[in-house]
Protein chains: 2
Amino acid sequence: MLREDVTDAIRSAVFDELAAVGYGRMSIEGIARRAGVGKAAVYRRWRSKLPLVLDTVSAVAVQGMPAPDTGSLLGDVRLLLEVTARALRHPVASQIIPDLLAEAARNPEIAAALQTALRDTQRGISAAVVRKAVERGELAAGTDADLSLDLIAGPLYWRLAVIRSPLPKGYLDSLAAATVTALKAAGAAR
Amino acid sequence: MLREDVTDAIRSAVFDELAAVGYGRMSIEGIARRAGVGKAAVYRRWRSKLPLVLDTVSAVAVQGMPAPDTGSLLGDVRLLLEVTARALRHPVASQIIPDLLAEAARNPEIAAALQTALRDTQRGISAAVVRKAVERGELAAGTDADLSLDLIAGPLYWRLAVIRSPLPKGYLDSLAAATVTALKAAGAAR
DNA sequence: ACACGACGAGACGGATCCGTTCCGTCGTGT
DNA sequence: ACACGACGGAACGGATCCGTCTCGTCGTGT
């Protein structure tokens, strides 16, 4: 019977190691060292680095974020941006996510794992927000779901994970307002 | 006298190696092998991996992109998106840029190099586009330059470098129209 | 109370890379 | 024409990691 506390220590060490050195440089030796664990304890659970990371990442993704439902498109977008910003501010997340996304361009299995862990979740939430706005008459019926996700998620991800600049006071409000306007324009354009 | 063809072969190999394995796994041994060159030829030019990459990246960034000037905000944004999309479609670029950006979160020297190579350039172009639109009366005078860059660059980078989905026909047109609307809203909000 | 087995530690042979040093060759500048 | 030096190749000791395999210890289930 594998000890759960050891499993947890390893999973936690994977996150720290991913954040510290990235997937490329990550080593099982380093993870075991960081977790205070023998290498055998790791190999007893996962065959290699890839399944270890895939499993650890998938385990986190299960925590599905519920779609916001504030009654207005602006409110939903504002809340969605707020939650996303909070997630992307965690130093560990903002290190690991871009790192794994870059690695996904090279590794189809990582790409698939991130697809279901991040992309599908966000796409679903974004689609739900748009759908409800259409029902309320705030957006045109044909509003493109993919373009909507790009408009909602793109600027904030760019700001927090690419440029890595801080968010000035009131930034999320301005961004939410601009995004809602963009969504309306995107629906009207077709 | 160092031979220039050898220097070029090394620089080219750096790009291929960065795209193939990423900065973390990149090795001077691998670069020399790929370039068909002795390791000494590399060490004769650069002291280690970091200056090699910094120098190679900086060399590319010199090719400054001119700010678009089509006479209308929509035209400028549309052209800017087109040029950016073309750049981000190059497989090598779309592999290297996210990889180095992720590494930049760990390495201040890489961060500084990318700052001047990418960020400052884009920021300048975006600011010029916004400034001209303000002069034409298309945007309010106080339109925030940082938010504008986020709105212009974010969705397309998200789409091409994060999600990595193809651009449907007419996507750039819809995106440009939505972005222009967002920019106008961003200016009016303050 | 006892046995099973997971545990941390670490040694192992093999692999890869580091940065340096030595060759013998070949291109270049004067 | 000649010498200087950069070249590709290869080897070097040292370092790190791989994946496996031993230890002796210690926790757990029955």
Side-chain angles (χ1 to χ4, degrees), chain A residues 1-57 59 95-96 99-100 102-103 106-110 113, chain B residues 1-57 59 95-96 99-100 102-103 106-110 113:
Chain A
M1 197 87 283
L2 299 175
R3 268 167 51 190
E4 195 137 353
D5 58 330
V6 171
T7 305
D8 292 344
I10 295 173
R11 275 199 235 261
S12 168
V14 168
F15 278 106
D16 296 343
E17 193 78 0
L18 268 180
V21 304
Y23 181 83
R25 270 200 245 271
M26 194 186 87
S27 73
I28 293 203
E29 198 127 7
I31 291 168
R33 202 182 307 131
R34 189 185 287 268
V37 146
K39 280 199 290 177
V42 179
Y43 281 107
R44 215 170 278 133
R45 291 167 172 79
W46 297 278
R47 325 190 73 256
S48 69
K49 180 165 99 167
L50 181 58
L52 169 54
V53 170
L54 292 182
D55 180 71
T56 307
V57 168
Q95 292 252 21
I96 291 180
D99 189 275
L100 287 182
E103 193 65 27
R106 249 168 248 129
N107 190 320
E109 307 197 58
I110 293 185
Chain B
M1 198 86 283
L2 299 175
R3 268 167 52 188
E4 194 137 353
D5 57 331
V6 171
T7 305
D8 292 343
I10 295 173
R11 275 201 235 260
S12 168
V14 168
F15 278 107
D16 295 343
E17 193 78 358
L18 267 180
V21 304
Y23 181 84
R25 270 200 243 273
M26 195 187 85
S27 73
I28 294 203
E29 199 127 7
I31 291 169
R33 202 182 309 131
R34 188 185 287 270
V37 147
K39 280 200 290 177
V42 179
Y43 282 107
R44 214 170 279 133
R45 291 166 172 79
W46 296 278
R47 325 191 73 256
S48 70
K49 179 165 101 166
L50 181 58
L52 169 54
V53 170
L54 293 182
D55 181 71
T56 308
V57 168
Q95 292 252 20
I96 292 180
D99 189 277
L100 288 181
E103 193 65 29
R106 253 169 245 126
N107 190 321
E109 308 196 58
I110 293 185

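Since this is a predicted model, take the numbers as computed values, not measurements. Quick note on labels: first sequence line is chain A, next is B, and so on, each numbered from 1.
Residues satisfying the side chain to side chain contact (heavy atoms under 4.5 Å, CB included) test with Ser48(A), not counting sequence neighbours, are Leu50(A), Pro51(A). The side chain to side chain contact (heavy atoms under 4.5 Å, CB included) check on Thr7(A) picks up Arg11(A), Arg45(A), Trp46(A), with sequence neighbours excluded. When the side chain to side chain contact (heavy atoms under 4.5 Å, CB included) test is applied to Arg25(A), the partners found at least two apart in sequence or on another chain are Val21(A), Tyr23(B), Lys49(B), Glu103(B).
In plain terms, the two heavy atoms of Ile31(A) and Ala13(A) that are nearest each other are O-CB, 3.7 Å. Of all heavy-atom pairs between Ala113(B) and Leu54(B), the closest is CB-CD2, 3.6 Å.
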Short N/O separations, protein against nucleotides 17-19 of chain C, under 3.5 angstrom:
{"residue": "dC17(C)", "atom": "OP2", "partner": "Arg33(B)", "partner atom": "NH2", "Å": "2.9"}
{"residue": "dC18(C)", "atom": "OP1", "partner": "Ile28(B)", "partner atom": "N", "Å": "2.9"}
{"residue": "dC18(C)", "atom": "OP2", "partner": "Ile28(B)", "partner atom": "N", "Å": "3.2"}
{"residue": "dC18(C)", "atom": "OP2", "partner": "Glu29(B)", "partner atom": "N", "Å": "2.8"}
{"residue": "dG19(C)", "atom": "OP2", "partner": "Tyr43(B)", "partner atom": "OH", "Å": "2.7"}
{"residue": "dG19(C)", "atom": "N7", "partner": "Lys39(B)", "partner atom": "NZ", "Å": "2.9"}
{"residue": "dG19(C)", "atom": "O6", "partner": "Lys39(B)", "partner atom": "NZ", "Å": "2.6"}

Distances under 3.5 Å only, N/O to N/O: pair up the protein atoms with those of nucleotides 1-7 of chain D.
{"residue": "dC7(D)", "atom": "OP1", "partner": "Arg3(B)", "partner atom": "N", "Å": "3.4"}
{"residue": "dC7(D)", "atom": "OP1", "partner": "Arg45(B)", "partner atom": "NH1", "Å": "3.4"}
{"residue": "dC7(D)", "atom": "OP1", "partner": "Arg45(B)", "partner atom": "NH2", "Å": "2.5"}
{"residue": "dC7(D)", "atom": "OP2", "partner": "Arg44(B)", "partner atom": "NH1", "Å": "2.4"}
{"residue": "dC7(D)", "atom": "OP2", "partner": "Arg45(B)", "partner atom": "NH1", "Å": "3.2"}

Dot-bracket encoding of pairs in DNA chain C, which uses [ ] for pseudoknotted crossings and | for another strand, Watson-Crick or G-U under 3.5 angstrom: ||||||||||||||||||.|||||||||||
Steps toward side chain to side chain contact (heavy atoms under 4.5 Å, CB included) verdict (Leu18(B), Gln95(B)): CA-CA 8 Å; Leu18(B) 267 180; Gln95(B) 292 252 20; over 6 Å; no
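Atom CG of Leu52(A) sits about 7.5 Å away from atom CD1 of Ile10(A), to the nearest 0.5 Å. A distance of 9.5 Å separates CD1 in Ile96(B) from OG1 in Thr56(B), rounded to the nearest 0.5 Å. For the atom pair CZ of Arg33(B) and CD of Glu17(B), the computed distance is 7.5 Å after rounding to the nearest 0.5 Å.
Proximity of Val57(A) to Val53(A): side-chain heavy atoms (C-beta onward) are separated by under 4.5 Å at one or more points.
Nucleotide dC26(C) holds its P atom 16 Å from the CG atom of Asp5(B), rounded to whole Å.
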